[in-house]
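Take a look at the structure set out below.
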2 protein chains.
Amino acid sequence: MCKTCGCSFRSRNFGGIERFVEPCILLLLSKNPSHGYSLMDDLEKHCGEKVDVGNLYRTLRRMEMDGWVESDWSKNESGPDRRTYTVTEDGLEFLKSAVSSLSRTDKTIHRLFDRFKETFPSEQL
Amino acid sequence: MCKTCGCSFRSRNFGGIERFVEPCILLLLSKNPSHGYSLMDDLEKHCGEKVDVGNLYRTLRRMEMDGWVESDWSKNESGPDRRTYTVTEDGLEFLKSAVSSLSRTDKTIHRLFDRFKETFPSEQL
DNA sequence: TTACACATATGTAAATATCATATAGTATAA
DNA sequence: TTATACTATATGATATTTACATATGTGTAA
């Protein structure tokens with residue numbers, strides 16, 4: 001039983017994609033270098049991903065360890081300084097393989113949809 | 001770094017869907033009652049899911065706890081007895097909500113695909 | 001000087017997934 | 001009759017990922 005909404009799902013995010021934020025972050029960064037706090041907004045606006053703040057920062061540091069992004073502190077006149085992230089070549093490569101991996105996932109989901117429609121023709125997706 | 005194949009993914013199953021086996025199992029059971037060992041084959045053949053054996057049995061027991069399936073031992077002349085699973089009404093209801101949850105997930109993936117194609121028009125999915 | 005938005009970060013626990021191993025019944029070939 | 005393989009279910013231990021809570025500090029505006 002889900003603690004947050006009381007529904008029958010054990011975890012809130014049932015059917016969610018493992019580590020989906022990572023390709024999302026890389027795609028955003030491949031347009032413009034950015035920092036954590038800003039990415040948090042962009043992930044929700046542009047990617048439909050509500051990310052836990054703490055998780056986001058930890059993910060960014062982990063991605064830096066993996067060599068997919070690089071960071072530098074940048075001065076901020078009107079507020080605390082920011083750690084600005086840039087995507088690397090390795091990061092772009094990972095993004096591409098992640099996308100094809102997700103493409104396979106997508107096919108798997110649709111395979112389930114097809115079987116579901118076959119078994120329950122009257123049900124909506 | 002993935003231990004099994006040496007690729008850059010931290011886990012082998014990058015981009016996989018959280019607890020995807022569960023709706024798959026329920027869909028299979030809604031056609032015919034079945035047992036673990038047989039489901040293992042069917043999940044691979046019909047759903048493209050390679051499931052860890054131990055994980056499968058634990059998942060089935062967990063699903064029974066949740067009231068989505070029921071089990072009974074059935075005699076097997078040509079081998080060890082089998083625990084045969086049947087889907088319940090609650091199980092079918094969960095299947096339906098899981099499918100609509102996955103439908104949302106699918107939209108989220110495609111949103112990423114669209115942005116990816118926009119940013120990298122020459123790349124293949 | 002208080003409150004609030006911005007900004008980054010860590011501690012801890014829960015949920016899931018992975019890998020290895022245990023146990024036992026039946027069949028069959030040496 | 002022994003060894004081997006296949007069928008069948010199950011648990012122990014660990015790793016990974018996610019979720020929730022909390023800490024800390026800067027700048028701005030009331």
Side-chain angles (χ1 to χ4, degrees), chain A residues 1-5 7-25 34-44 49-66 69 71-85 98 105, chain B residues 1-5 7-25 34-43 49-66 69 71-85 105:
Chain A
M1 171 88 91
C2 165
K3 281 174 291 182
T4 24
C5 63
C7 71
S8 66
F9 298 130
R10 275 188 298 281
S11 67
R12 188 180 57 205
N13 206 32
F14 177 87
I17 298 152
E18 227 183 315
R19 289 167 51 207
F20 187 63
V21 259
E22 297 179 39
C24 290
I25 289 169
S34 185
H35 63 282
Y37 198 85
S38 167
L39 283 168
M40 202 171 54
D41 280 350
D42 291 340
L43 285 166
E44 183 151 9
E49 282 288 285
K50 278 168 207 151
V51 195
D52 176 75
V53 200
N55 269 346
L56 175 61
Y57 285 105
R58 250 194 291 242
T59 300
L60 284 167
R61 303 306 292 277
R62 207 172 51 184
M63 289 172 76
E64 187 165 22
M65 293 273 286
D66 287 324
V69 294
S71 76
D72 278 299
W73 284 98
S74 46
K75 282 271 162 242
N76 180 12
E77 310 288 283
S78 63
D81 287 354
R82 296 154 169 169
R83 187 187 280 277
T84 301
Y85 286 92
T105 298
Chain B
M1 172 86 94
C2 165
K3 282 175 290 186
T4 25
C5 64
C7 70
S8 66
F9 298 130
R10 275 189 297 281
S11 68
R12 187 180 56 206
N13 206 32
F14 177 87
I17 298 154
E18 225 184 317
R19 292 167 46 208
F20 186 63
V21 261
E22 296 179 39
C24 290
I25 287 169
S34 185
H35 62 280
Y37 199 84
S38 169
L39 282 168
M40 203 170 51
D41 280 350
D42 291 339
L43 284 166
E49 281 287 284
K50 279 169 207 153
V51 195
D52 175 76
V53 200
N55 217 16
L56 176 61
Y57 285 106
R58 250 192 290 236
T59 300
L60 284 167
R61 302 308 291 279
R62 210 171 46 183
M63 287 171 76
E64 188 166 22
M65 294 273 286
D66 287 324
V69 295
S71 77
D72 278 299
W73 285 98
S74 46
K75 284 268 163 247
N76 180 12
E77 310 288 282
S78 65
D81 287 353
R82 295 154 170 172
R83 186 188 281 276
T84 300
Y85 286 92
T105 298

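Lettering of chains follows the sequences in order, A, B, ..., and the numbering in each one begins at 1.
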With a cut-off of less than 4.0 Å, is there a side-chain N or O of [X] near OP1 or OP2 of [N]?
X	N	value
Arg83(A)	dA9(C)	yes
Asn76(B)	dT26(C)	no
Tyr57(B)	dA10(D)	no

Flag side-chain contact, heavy atom, 4.5 Å: [X] against [Y]:
X	Y	value
Tyr37(B)	Arg82(B)	no
Tyr85(A)	Glu64(A)	yes
Val21(A)	Asn55(A)	no
Val51(B)	Thr59(B)	no

Which nucleotide in the list dA8(D), dT18(D), dA9(C) gets nearest to the side chain of Glu18(A)? dT18(D)
I want to verify a distance call: between dC20(D), dA10(D), dT26(D), whose nearest atom is closest to the Asp52(A) side chain? dC20(D)
Quick one: label Gly54(A) by what it contacts on the DNA or RNA (base, sugar-phosphate, nothing), any heavy atom closer than 4.0 Å. base
For [X] and [N], give me the distance from atom [atom1] to atom [atom2], rounded to whole Å.
X	N	atom1	atom2	value
Arg19(A)	dT16(D)	CZ	P	10 Å
Leu60(B)	dT9(D)	CG	C1'	10 Å
His35(B)	dA10(D)	NE2	P	12 Å
Lys75(A)	dT26(D)	NZ	C1'	11 Å
Tyr37(A)	dT26(D)	OH	C1'	13 Å
Met40(A)	dA19(D)	CE	P	16 Å
Arg58(B)	dT16(C)	CZ	P	13 Å
Arg61(A)	dT10(C)	CZ	C1'	11 Å

Donor-acceptor pair under 3.5 Å, Asn55(A) side chain vs dA19(D) base: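 Yes, the side chain and the base share a sub-3.5 Å donor-acceptor pair.
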So for Arg82(B) and dG25(C), does any side-chain atom that can act as donor or acceptor lie under 3.5 Å from a complementary atom in the base? no
Between Asp81(A) and Asn76(A), is there a donor-acceptor pair closer than 3.5 Å when you use the side chain of the first and the backbone of the second? yes
